[in-house]
J.: 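Got a structure here, written out as structure tokens. Questions coming.
Letters go in sequence order (proteins before strands), and every chain restarts at 1.
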4 protein chains.
Amino acid sequence: MTKNQVPSSIKDEALVEKRREQMVKGAVTLFTEKGFHKTTTREIAKAAGFSIGTLYEYIRKKEDVLFLVCDSMYERVKERMEDSIDQNETSIDNLVCAVRSYFTLMDDMQNEVVVMYQEVKSLSKDAQDYVLQKERDMVAMLEKVIINSLPNQLLEGDTALIANNIFVQGQMWGFRRWMLQRTFTLQTYTDRQIHLLLQGLNVQEANLS
Amino acid sequence: MTKNQVPSSIKDEALVEKRREQMVKGAVTLFTEKGFHKTTTREIAKAAGFSIGTLYEYIRKKEDVLFLVCDSMYERVKERMEDSIDQNETSIDNLVCAVRSYFTLMDDMQNEVVVMYQEVKSLSKDAQDYVLQKERDMVAMLEKVIINSLPNQLLEGDTALIANNIFVQGQMWGFRRWMLQRTFTLQTYTDRQIHLLLQGLNVQEANLS
Amino acid sequence: MTKNQVPSSIKDEALVEKRREQMVKGAVTLFTEKGFHKTTTREIAKAAGFSIGTLYEYIRKKEDVLFLVCDSMYERVKERMEDSIDQNETSIDNLVCAVRSYFTLMDDMQNEVVVMYQEVKSLSKDAQDYVLQKERDMVAMLEKVIINSLPNQLLEGDTALIANNIFVQGQMWGFRRWMLQRTFTLQTYTDRQIHLLLQGLNVQEANLS
Amino acid sequence: MTKNQVPSSIKDEALVEKRREQMVKGAVTLFTEKGFHKTTTREIAKAAGFSIGTLYEYIRKKEDVLFLVCDSMYERVKERMEDSIDQNETSIDNLVCAVRSYFTLMDDMQNEVVVMYQEVKSLSKDAQDYVLQKERDMVAMLEKVIINSLPNQLLEGDTALIANNIFVQGQMWGFRRWMLQRTFTLQTYTDRQIHLLLQGLNVQEANLS
DNA sequence: GATGAATGAGCGTTCATTCAT
DNA sequence: CATGAATGAACGCTCATTCAT
């Protein structure tokens, strides 16, 4: 299942792409402010800059908008992660660097993350599976980096667990901002988490560049 | 603000307590299955075992049910945490023990945790503040245990961060069960997280009883 | 149909009388403030000083309260009118005196009058007929006074019309207070209306005592 | 405040006008039969010939329907009054003529008048003020005619009082029809009231054309 | 006689979705 | 392709009335 699983009655694919971008952009703002359920389709249409009738030319159901939002988020996350991670590099530096860029990314996408956390349940079972798979892919990316950086040093389960921890700690930066962003800046939060992580991995930070 | 901030038109306080327990129990199941917004007040009433009219004798608005769910959860969590933590013990054992019982608790309350994660935004600003304060209290409890167990060994910010990490990792067990509970049992999950934690703290696990 | 047409399950008639008085007193205030429909039976019970269960021991339906209010009003009006009118006096003085006391009465019962005007429609057909009959009785009393005061000087229709006009002008003092009581006091309103009335009747006011 | 204070989500203003006319027409019948409170919004929609959803495209709240009814009534009354009164004419004829056309008008709008008398209290404070102001305007129109017809012959207070009496007597024809229309036709009612009025004003009717 | 907890029919209102223009 | 008027199922909530204690 991909975004192509959300059919549109409009033929011109470039137009579909464009309209959906407008839609997603407006929707994220609205969902962040009032949540998926309290946002009406009319509001989405208005925020996107077209009429309610037009909105329904590009989606079938309200839920499709939410799906599109999630999908576009993962798309962007994946893109940026792939750009910033060198999957073949094997030093610890690479792990640190990956965590840094992931946390920065999560900082940029706080709103999207919050929306996702709160609204996935509103998606159909199929769409949920799709979204969950994307999450697994993300965690897998982190796992790979860990394994590359620390070959043969960890139990298999521990790798998965550490990847998960990092993944969640990134999301928490946005999701628990009311608590964390009182005490930390993105910089200090990242630094301290990396510090704890490396200690947990028994790595001497002094060795890092 | 406490549950007493949700007024009832019924005078018999014991009855109010009892009915609200029925209500919360039914509501958690429903909210877990379909979320707060897709659950109707009639369903809540039915699940609680009384009529829609009776439901509204014990609350003012649908939102009150959600608040009651959150409140009862924190009540129970706090109670059990206080029972199982010796706030004066200063050994590392105490920290380990606290984490264990907290994780077990989170395992028992997975549904409640998921509901909280997904639906707090549906509460009024006031109620949100109340709930968030409860979370802060919980994290503070963990912080205290950490400080007691490792006096003078950590930066202040690190204590807060570690407490927060533990807190989130406990909740993670529930809200990411679709991922974690494939690979781990509660036992192994707890063991490995504690292992990583202690390594991060530079503690020799061998010393533990 | 009389108030005895509103059955009570309580045997003690004196008690019924007493409770209903409490009820009517509270109800008039409430109906004046918020109208019959927006007043709840619970509010009536509370204002009367007893519980909702007790309220329903003395009436069958909410509508009965309204009927009781109307009935008690006419009772009191009739009583006071009969006290102040000498039905056998034949001078113009008697008419003037009757109008004066009727207007004063309407001033005292402004709230009741307003309630009646606005809520009779909520009564059952039977109760409406009863209330309308009471009004006819009242107008008939005025007609009698007019005839006594001005024997053989008016067309039959005119008597009825004048009686009606007086009747309505009395009620209007309360019902249109937002307009009239800006310009007039009860005293001046009464004086000017009587002046116009007597001119219309071609009576020399100078002759009056 | 005018009917434009009742916003509609429909853009086509002509359509709004048309639908609201349908709405008001249906609503008057229903309100006359069963009163504002006992009439449901679904009944109003049905009587207007559209669905409940459509009804709410043209109003915000049920109360708006009542306001629209009142507003449309005054609109029509004012229009017809202005058509039939020559505000510069100074003869007594003009007053008589004004009263006649006003009474005829009230005959045509009996239902609306009854609704107004019974339901204004259900309007919001703002709307009530608006409606009451309209009444004042109407009375002021009558006052003007009286002054023009009888310059310098009346106390100022008397003019207001007479205008008020005429105004109420017109409405009385409708809201006391159960009493008056047994004895009078509109014709005879009008004739006799005018007769009494002119006598009260000390005018020789013989002089009239 | 008095109480108040329980009931459920019924109301006002919203909003996703459709479809004629 | 775009529009926006129309629809009606469904929701949250109220309140008159009953009846066991």
J.: Rounded off to whole Å, could you give me the CD-to-C1' distance for the D/E13 and F/dG4 pair?
T.: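 Nearest whole value for this atom pair: 15 Å.
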J.: Please check if any side-chain donor atom of C/T29 sits under 3.5 Å from a side-chain acceptor atom of C/T32, or the reverse.
T.: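 Per modelled atom types, C/T29 and C/T32 side chains form no pair under 3.5 Å.
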J.: Using only modelled atom types and a 3.5 angstrom limit, is any donor from either the side chain of B/R60 or the base of F/dT14 paired with an acceptor on the other?
T.: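 Check fails, no donor-acceptor contact within cut-off.
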J.: Of C/G53 and D/S9, whose closest DNA chain F nucleotide lies nearer the 5' terminus?
T.: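 Between the two, 5'-proximity favours D/S9.
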J.: Taking the side chain of C/R19 as heavy atoms from C-beta outward, which of E/dA2, E/dA16, E/dG4 is closest to it?
T.: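 The listed nucleotide nearest to C/R19's side chain is E/dA2.
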J.: Counting Watson-Crick and G-U wobble pairs only, both distances under 3.5 Å, name the nucleotide matched with E/dA5, or none.
T.: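 F/dT18 is the nucleotide pairing with E/dA5.
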J.: I want to check one thing: is the phosphate of E/dC11, taken as OP1 and OP2, less than 4.0 Å away from some side-chain N or O of D/T40?
T.: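 Negative; the distance criterion is not met.
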J.: Judged by modelled atom types alone, do A/D64 and A/Y58 share a side-chain donor-acceptor pair under 3.5 Å?
T.: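 No.
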J.: Taking only N and O in the side chain of B/T54, is any of them less than 4.0 Å away from OP1 or OP2 of E/dT7?
T.: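 Answer is yes, contact under 4.0 Å.
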J.: From the set F/dT17, E/dG12, F/dT14, return the single nucleotide nearest to any side-chain atom of C/R42.
T.: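 For C/R42, the side-chain atoms sit closest to F/dT17.
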J.: Would you indicate what B/I10 reaches in the nucleic acid, counting non-hydrogen atoms under 4.0 angstrom: base, sugar-phosphate, or nothing?
T.: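 Answer is sugar-phosphate: B/I10 comes under 4.0 Å of backbone atoms only.
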J.: Taking only the side-chain nitrogens and oxygens of B/Y56, find out if one of them lies under 4.0 Å from OP1 or OP2 of F/dT14.
T.: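 For F/dT14, neither OP1 nor OP2 has a side-chain N or O of B/Y56 closer than 4.0 Å.
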J.: Applying a 4.0 Å non-hydrogen cut-off, can you work out what B/S8 is touching in the nucleic acid: base, sugar-phosphate, or nothing?
T.: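 Here B/S8 touches no strand at all.
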J.: Over 60° means perpendicular and under 30° means parallel, so classify the ring planes of B/F175 and A/Y117, tilted if in between.
T.: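 Judged by the thresholds at 30° and 60°, the geometry between A/Y117 and B/F175 is perpendicular.
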J.: Quick check for you: among E/dT7, E/dG12, E/dT17, whose closest atom lies nearest to any side-chain atom of B/S51?
T.: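 Closest nucleotide among those given: E/dT7.
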J.: Starting the side chain at C-beta, find the nucleotide from F/dC1, E/dT14, F/dA16 nearest to A/D12.
T.: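 Looking only at heavy atoms from C-beta outward on A/D12, the closest nucleotide is F/dC1.
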J.: Counting only heavy atoms from other residues, nucleotides and ligands, does the tally under 6.0 Å from NZ of D/K25 exceed 12?
T.: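 Counting other residues, nucleotides and ligands, NZ of D/K25 stays at 12 neighbours or fewer.
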J.: Side chain of A/K11: nearest nucleotide among E/dG10, F/dC1, E/dG8?
T.: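 Nearest to the side chain of A/K11 among the choices is F/dC1.
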J.: For D/K18 and F/dA5, give me the distance from atom NZ to atom C1', rounded to whole Å.
T.: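 So the two atoms are 12 Å apart, to the nearest Å.
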J.: Rounded to whole Å, please give me the gap between CD in A/Q22 and C1' in F/dA2.
T.: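 Answer to the nearest Å: 13 Å.
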J.: Surrounding NZ of A/K18 (heavy atoms of other residues, nucleotides or ligands, distance under 6.0 Å), is the total greater than 12?
T.: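 Atom NZ in A/K18 is not crowded, with 12 or fewer foreign heavy atoms closer than 6.0 Å.
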J.: What nucleotide among F/dA2, F/dC13, E/dT3 has an atom nearest to a side-chain atom of B/T41?
T.: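 The closest nucleotide is F/dC13.
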J.: Taking the nucleotide of DNA chain F with the nearest heavy atom to each, does C/T39 or D/L15 sit closer to the 5' end?
T.: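 Looking at DNA chain F, the more 5' nearest nucleotide goes with D/L15.
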J.: For a quick test of reading the model, state the closest non-hydrogen atom pair linking D/R19 to D/F50 and the distance between them.
T.: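 Where D/R19 meets D/F50 most closely, the heavy atoms are CD-CE2, 3.4 Å.
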J.: Could you state the CD-C1' distance from B/E43 to F/dG12, rounded to the nearest angstrom?
T.: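 My rounded result for the distance is 13 Å.
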J.: Side chain of D/F50: nearest nucleotide among F/dT7, F/dA6, E/dT13?
T.: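 Between F/dT7, F/dA6, E/dT13, the one nearest the side chain of D/F50 would be F/dT7.
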J.: Atom CD1 of D/I44 and atom P of E/dC11: how far apart are they, to the nearest Å?
T.: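 Nearest whole value for this atom pair: 12 Å.
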J.: Output the rounded distance in Å from CG (D/L55) to C1' (E/dC15).
T.: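 Nearest whole value for this atom pair: 15 Å.
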J.: Hey, is the side chain of A/Y58 poking within less than 4.0 Å of OP1 or OP2 on F/dC1, counting only N and O atoms?
T.: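 So the side chain of A/Y58 is outside the cut-off, no N or O lying under 4.0 Å from OP1 or OP2 of F/dC1.
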J.: Starting at CG of D/L30 and ending at P of E/dG12, how long is that distance when rounded to a whole Å?
T.: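 Answer to the nearest Å: 12 Å.
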J.: Which whole-number value in Å describes the distance from B/K38 NZ to E/dC15 C1'?
T.: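 Rounded to the whole Å, the gap is 15 Å.
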